[in-house]
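As the structure lists them, so they are numbered: ligands from 1, and atoms in each ligand from 1. Numbers here are sequence positions counted from 1.
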Amino acid sequence: MSTLDAEVAVVGLGTTGSMSAWKLAEAGVTVLGFEQYGFGHDRGAAAGESRLFRAAYHEGPEYVPLLRRARELWVDLTRSSGRPLFTPTGCLSIGLPDIAPMRNVRRSVDEHDLAHEVLDPDELARRFPQHTPVEGEIGVLDLAGGMLRPELAVLTAIERARAAGARLLARTPVRDIEPGDGGVTIRTDDRTWRVERVVVTTGPWVRELVPDAPVTAKPIVLTWFAPADVRDYRPEVFPAFIRDTGDRHLFGCPTMDGVSVKAGVADVWDPLPDPRALTRDLPEPALAPVSDSVRRFLPGLHPDPIRHEVHLDGYTADRTALAGPVPGLPRVTVLAGFSGHGFKMAPVFGEVAADLALHGGSGFDLTRMDPARFGRGAEPARRAAPVPPAR
Ligand SMILES: Cc1cc2nc3c(=O)[nH]c(=O)nc-3n(C[C@H](O)[C@H](O)[C@H](O)COP(=O)(O)OP(=O)(O)OC[C@H]3O[C@@H](n4cnc5c(N)ncnc54)[C@H](O)[C@@H]3O)c2cc1C
C-alpha cells in the first residue's frame, strides 16, 4: 500500500466540513481537507450574514439533545474566540397552538425542560407589536434561542482545525473518491491523494461524489428590509423568530447592521437539479411572495427588499440529514442533506463526524439519519462522474 497522506480526509469545508476538520484534528488524527472555493465563501449553505438558533424545535423534540450540545459548543467557541458567533436573543415561534410545528415546540420544551415563555394572543401582541397578530395565534419564546454568524463561524472552525494540525486546501475541488484496499484514493486537478477514510460534507453538491445520496439542491432566498424605526428591531427587543401562518413560513432576525432587518419566506422556491446552475440575481416578480408576507405580517418594515441573496442547501425527502456510512462506499462517511435547518447544529455534527469516522458510531441516536434509510439493499452506489469545474 502506498504511503498515506493523512488518516482522514474531509471533502467540502463549509458548515459541517469545517467543524468536522476541527473536531477530527482535535481528536489527534492527521486531517487533510479540501474546499472547492475559498474558505467562508457565499455559494453554499454557510452564508447570508445570520442563522437562527432554536432549541424548542419545530422539527421535533428528538433533536433537543443535539441542540443542547450544539449550544454549549457555540457558547464556548464564542467565548474562546472573542468573536460574536452566537448572540442570545431568544427565538420566538408564532402560530396556532394546534399546528404540527407549534405542537413540536411545546413537546420540546415540556419533554426537555427548556427555559421558555408561552405568550397568549394578547400578551404576544403587547410584547411584540412588530408582528401583526392573527386571531388565535400564540407565541413561544425559546430562551435558549439566538443568532449565529455563519461565515465567521466557518472561518473560526478552519482556524481551529489548522491550529490543531489539519492541512486544509482552499480552491481545490475533489473530482473523484475511490475506496479500495487499505484506503481511499482522492483525485484533485493536479494530483491524487491517499487516506485511510473520508468524510464527505459537500452539502448541496453531495451527489457529484456520492451519486446515490438522496439529496436535492434547493435555493433559499434571503431578503433584507428597511424598518420605519430600526430601534424596534434591535436584538434587545426583537428576538429571532419563526412563524407559520396558513401556508406562509416566515423567519427572521433582529437588525445586525443597525440599518436593515432580515426576513425570509421558506418553501416557495423550486429545487435545482444542477447546483452549479444557481442564479444568484432574481427578477423582481420572484420576490413578490416575500414582499407580500412582509406587508401582511411585519408592517413596520418597508415591503420592498433593499437587498436579496440566493444560497443553496441540500434537502432530503424527510427533511432529516444523512449522517453515517455510505452504502456501497466503504471507508466513506457522509453528513449532508441538512434540509434548511442544519447550521445551528454544525459544531455538534463536527463531533458526530469525528466519532463516526474514528469509532464507527456516536453517542447520539442517529437512527433516523441513516443514509441507507430510503433504500436499504438498493443497488450499490456507483462511482461518480468526475466533478465539473466549479463556477
Ligand atoms: C439561506 C439559508 C438560510 C438558512 N437558515 C438557517 C437557519 O436560520 N438556521 C439553521 O440552523 N439552518 C439554516 N439553514 C440551513 C443550514 O445553513 C444548512 O443546513 C447547512 O449550512 C448545511 O451545511 P453543509 O455543510 O451541508 O453545506 P455547505 O455549508 O454548503 O458546505 C458544503 C461545502 O462543500 C464544498 N464542496 C462541494 N463540492 C465539493 C468538491 N467536489 N470538492 C471540494 N469541496 C466541495 C462547498 O463549496 C461547500 O463549501 C439555512 C440555509 C440557507 C441556504
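- Of the N or O atoms in Glu208, none lie within a sub-3.5 Å distance of an N or O in ligand 1.
- With hydrogens and angles disregarded, no donor-acceptor distance shorter than 3.5 Å links the side chain of Arg83 to the backbone of Arg79.
- Ionic pairing of Arg69 and Glu351 is present here: one or more N-O contacts between side-chain nitrogen and carboxylate oxygen are shorter than 4.0 angstrom.
- With ligand atoms numbered from 1 in the order given, ligand 1 contributes 29 (O) to contacts under 4.0 Å with heavy atoms of Ala46.
- At a heavy-atom cutoff of 4.0 Å, ligand 1 is contacted by the side chain of Pro204 but not by its backbone.
- Residue contacts with ligand 1 leave out Gly314, since none of its heavy atoms falls under 4.0 Å from the ligand.
- Checking only distances, Thr16 does come within under 3.5 Å of ligand 1, N or O to N or O.
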Run the side-chain hydrogen bond (donor to acceptor under 3.5 Å, both in side chains) test on Ser80 and Arg160 for me, step by step, so that the C-alpha distance in whole Å, both residues' side-chain angles and the decisive distance to 0.1 Å come before the verdict.
CA-CA 11 Å; Ser80 62; Arg160 290 294 162 105; 3.2 Å; yes
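- Salt-bridge annotation for Arg107 and Asp110: absent, with no side-chain N of the basic residue lying under 4.0 Å from a carboxylate O of the acidic one.
- Here Lys262 does not pair with Glu309 in a salt bridge; the nearest charged N to carboxylate O distance is not below 4.0 Å.
- Residue Gln36 places at least one N or O, backbone or side chain, under 3.5 Å from an N or O of ligand 1.
- How far OG1 of Thr15 is from NZ of Lys344: 11.5 Å, rounded to the nearest 0.5 Å.
- Between the OG1 atom of Thr3 and the CZ atom of Arg194 there is a distance of 10.0 Å, given to the nearest 0.5 Å.
- Comment: Arg167 does not engage Asp5 in a salt bridge, judged by the lack of any side-chain N to carboxylate O separation of less than 4.0 angstrom.
- Phe86 is linked by a ring pair (Phe, Tyr, Trp, His ring centres under 6.0 Å) to Phe53, counting only residues two or more places apart in sequence or in another chain.
- Contact annotation: the side chain of Arg276 approaches that of Glu208 to within less than 4.5 Å [non-hydrogen atoms, C-beta and beyond].
- With a 4.0 Å cut-off on non-hydrogen atoms, His341 touches ligand 1 through its backbone and not its side chain.
- Heavy-atom contacts of Phe34 reach the following atoms of ligand 1: 43 (C), 44 (N) (cutoff under 4.0 Å).
- Here's the thing with Leu209: none of its N/O atoms is less than 3.5 angstrom from an N/O atom of ligand 1.
- When only interatomic distances are considered, the shortest N/O to N/O separation between Tyr37 and ligand 1 does not fall below 3.5 Å.
- For atom 53 (C) of ligand 1, the candidate residues are Val310, Thr201, Leu312; the nearest heavy-atom contact is made by Leu312.
- Distances between N or O atoms of Val174 and those of ligand 1 include at least one value under 3.5 Å.
- If you look at Arg175 next to ligand 1, there are no close heavy atoms at all, none under 4.0 Å.
- Residue contacts with ligand 1 for Phe343 involve both N, CA, C or O and side-chain atoms from C-beta outward (heavy atoms, distance under 4.0 Å).
- The cationic group of Arg368 lies under 6.0 Å from the six-membered ring centre of Tyr63 and within 45° of the ring axis, placing it in a cation-pi geometry.
- For ligand 1, the polar-atom distance check finds an N/O of Asp313 within less than 3.5 Å of one of the ligand's N/O atoms.
- Listed by chain and number, the residues in a ring pair (Phe, Tyr, Trp, His ring centres under 6.0 Å) with Phe338 are Phe349 (sequence neighbours excluded).
- Proximity to Gly44 (heavy-atom distance under 4.0 Å) selects the following atoms of ligand 1: 30 (O).
- Considering Lys262, Arg43, Lys344 only, the shortest heavy-atom separation from atom 11 (O) of ligand 1 involves Lys344.
- A cation-pi arrangement is present between Arg43 and Tyr37, with the terminal nitrogen or guanidinium carbon under 6.0 Å from the aromatic centre and inside a 45° cone about the axis.
- Within the 4.0 Å heavy-atom cutoff, Gly340 counts among the residues contacting ligand 1.
- Checked by distance only, ligand 1 and Ala45 come closer than 3.5 Å through their nitrogen or oxygen atoms.
- The shortest heavy-atom distance from Met345 to ligand 1 is not under 4.0 Å.
- Contact check on Glu26 versus Lys23 returns a salt bridge, with a Lys/Arg side-chain nitrogen under 4.0 Å from an Asp/Glu carboxylate oxygen.
- Considering backbone and side-chain N/O atoms, Leu222 never comes within less than 3.5 Å of an N/O atom of ligand 1.
- Considering backbone and side-chain N/O atoms, Ser339 never comes within less than 3.5 Å of an N/O atom of ligand 1.
- When each atom of ligand 1 is checked for a heavy atom of His41 under 4.0 Å away, the hits are 46 (C), 47 (O), 48 (C), 49 (O).
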